[in-house]
Protein chains: 2
Amino acid sequence: MSDGASPRAARELPVFEPGSAGRSLPQVKQPPVKQPPVKERADAARNRARVLAAAERIFATRDDPREVTMDEIARAAGVGRATLYRRFPDPASIAVALLDQHEFELQEQILRGPPPLGPGASPGDRLAAFYAAMAELLERHLPLALGAETGKARFATGAYGFWRAHVRVLLAEAGAPDPEAAVDAALAPLSPEVYEYTRHTLGHSKDRITASLTWLARRLTGD
Amino acid sequence: MSDGASPRAARELPVFEPGSAGRSLPQVKQPPVKQPPVKERADAARNRARVLAAAERIFATRDDPREVTMDEIARAAGVGRATLYRRFPDPASIAVALLDQHEFELQEQILRGPPPLGPGASPGDRLAAFYAAMAELLERHLPLALGAETGKARFATGAYGFWRAHVRVLLAEAGAPDPEAAVDAALAPLSPEVYEYTRHTLGHSKDRITASLTWLARRLTGD
DNA sequence: CCAGAAGTGGTCACTGTGTCCACTTACATC
DNA sequence: GATGTAAGTGGACACAGTGACCACTTCTGG
């Protein structure tokens, strides 16, 4: 997180920066005027790393990631429950924090990577590439994605706003009459629940799902 | 449930019959060979009606229908908790039972009603009509739909299999290369969570959402 | 009418939650 | 280095919901 290069000044899309997830430090009821201290104590950072590592392990192991409990994570991390609650209000927010780390790389590729994921290709190609990349992400981190959907703040997967803005632009370029309304329909098939259902309940292969999403991308953008 | 007319013998689509939801009577661990008795005792039926009525009221009232609890429903229905557990394993299953009642009518219209919802219209028109009808259903029964998504059995909304079969046929008629895989992507925008997000978090009108779904239907079926 | 099956509701042990508070530890300052 | 202080920590507590159990009641077929 200390790359001095590439200042992120002029950006069109709302980039979600990973690491800012579990750091809204004290969970005070009303954030007072006083800014929370910018610097994190060393032991706190160490514990946060422990928590995230333990949580990643647990989410990956569990049968149903939606059943992971705060108590369980705290015990696995060797940390008191209050310590956990200090940063994360519920297990879902931990999954979100972990997921953001993985999603950030994809955001970079979309913003500055080579086509068709990055700028330069046609809307149809870019949308298809985006779908494929998201399917890949879901394939690898499905437990986290499922766990992130549990809490009260749905569609708050941190990066959702980014995907939304990206796809909305693509739909607009493709001539959709109301991209702002269409974009959520276009993103719905990427919901972790849908992926889990087709992938594991129905048993479709990742390639088959990706092919279907590619077809969808072509249809949505009019080829 | 005693309409002697129109025997439902030869059907292509898996119709979900409402009323069969809370009636898999005893929640035994392993259903023994002995068939559960076909007839329901009069007092049991009365209580079931009470439970459903109370639950409908509660689901509609609550801020977040996902937080409705068995205890709450039992108290509101004036019924012991064990009585409730006898028929329904969790609040979600009660929401499913209620929702099925409303979905059944739509199923009938699709099977035997006039076009464009019923048979006779083009795939594009039928899909658009289906989307519009589902949006209407969600608009009216969103709390139930959200509550039904809570439990462990997702995509088990009873009727989901029906919608799935219907839309799969439409996509096949429209020439989709892999309707079996595409159908879940086509149904994803109808997820209650997506509807809630666009409708209430973003504040889009029902008409705007419907218009967008109509656009989607045209795109999916190639007009 | 009545035997027995189906249905009922109060109770119990248990799990996870969220908050609180007394103690500990890191770090800025001297 | 010593030290004051605020951030950080973990155990404890009260509470809510669960799911199962069981003694009791009520319905219904013969």
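Just so we're on the same page: letters track the sequence lines, and every chain starts at 1.
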Undergrad: Within the side chain of A/Arg208, is there an N or O that forms a donor-acceptor pair under 3.5 Å with the backbone of A/Gly203?
TA: no

Undergrad: Take atom CG of B/Asp71 and atom P of D/dA20, then tell me their distance rounded to the nearest Å.
TA: 16 Å

Undergrad: What nucleotide, of D/dG10, D/dT18, C/dT8, holds the atom closest to the side chain of A/Thr83?
TA: D/dG10

Undergrad: A/Leu84 has an atom CG; how far is it from atom P of D/dG11, in whole Å?
TA: 13 Å

Undergrad: A/Arg46 CZ to C/dC27 P: how many Å, rounded?
TA: 10 Å

Undergrad: Given atom CZ of B/Arg86 and atom C1' of D/dT25, what is their separation to the nearest angstrom?
TA: 13 Å

Undergrad: Check this for me: does any side-chain nitrogen of one of B/Glu72 and B/Arg81 sit under 4.0 Å from a carboxylate oxygen of the other?
TA: no

Undergrad: Whole Å only: how far is the CG atom of A/Asp90 from the P atom of C/dG18?
TA: 7 Å

Undergrad: In this structure, how many angstroms lie between the C1' atom of C/dG18 and the CE atom of A/Met70, rounded?
TA: 9 Å

Undergrad: Does B/Asn47 place a side-chain N or O at less than 4.0 Å from the phosphate oxygens OP1/OP2 of C/dT8?
TA: yes

Undergrad: Determine whether a donor-acceptor pair (N or O, by modelled atom type, separation under 3.5 Å) exists between the side chain of B/Thr83 and the backbone of B/Val79.
TA: no

Undergrad: In this structure, how many angstroms lie between the P atom of D/dT9 and the CZ atom of A/Phe88, rounded?
TA: 12 Å

Undergrad: Report the nucleotide, chosen from C/dT8, D/dC21, D/dT18, that has the shortest atom-to-atom distance to any side-chain atom of B/Arg87.
TA: C/dT8

Undergrad: Please report, rounded to the nearest Å, how far the P atom of C/dT8 is from the CZ atom of B/Arg75.
TA: 19 Å

Undergrad: I'd like to check the side-chain contact (heavy atoms from CB on, under 4.5 Å) partners of B/Thr61; sequence neighbours left out, ordered by chain and number.
TA: none

Undergrad: Out of D/dG8, D/dT18, C/dG16, which has the shortest distance to the side chain of A/Thr69?
TA: C/dG16

Undergrad: Tell me whether the side-chain N or O atoms of B/Arg81 pair up with the base of D/dG19 as donor and acceptor below 3.5 Å, since no angle test is needed here.
TA: yes

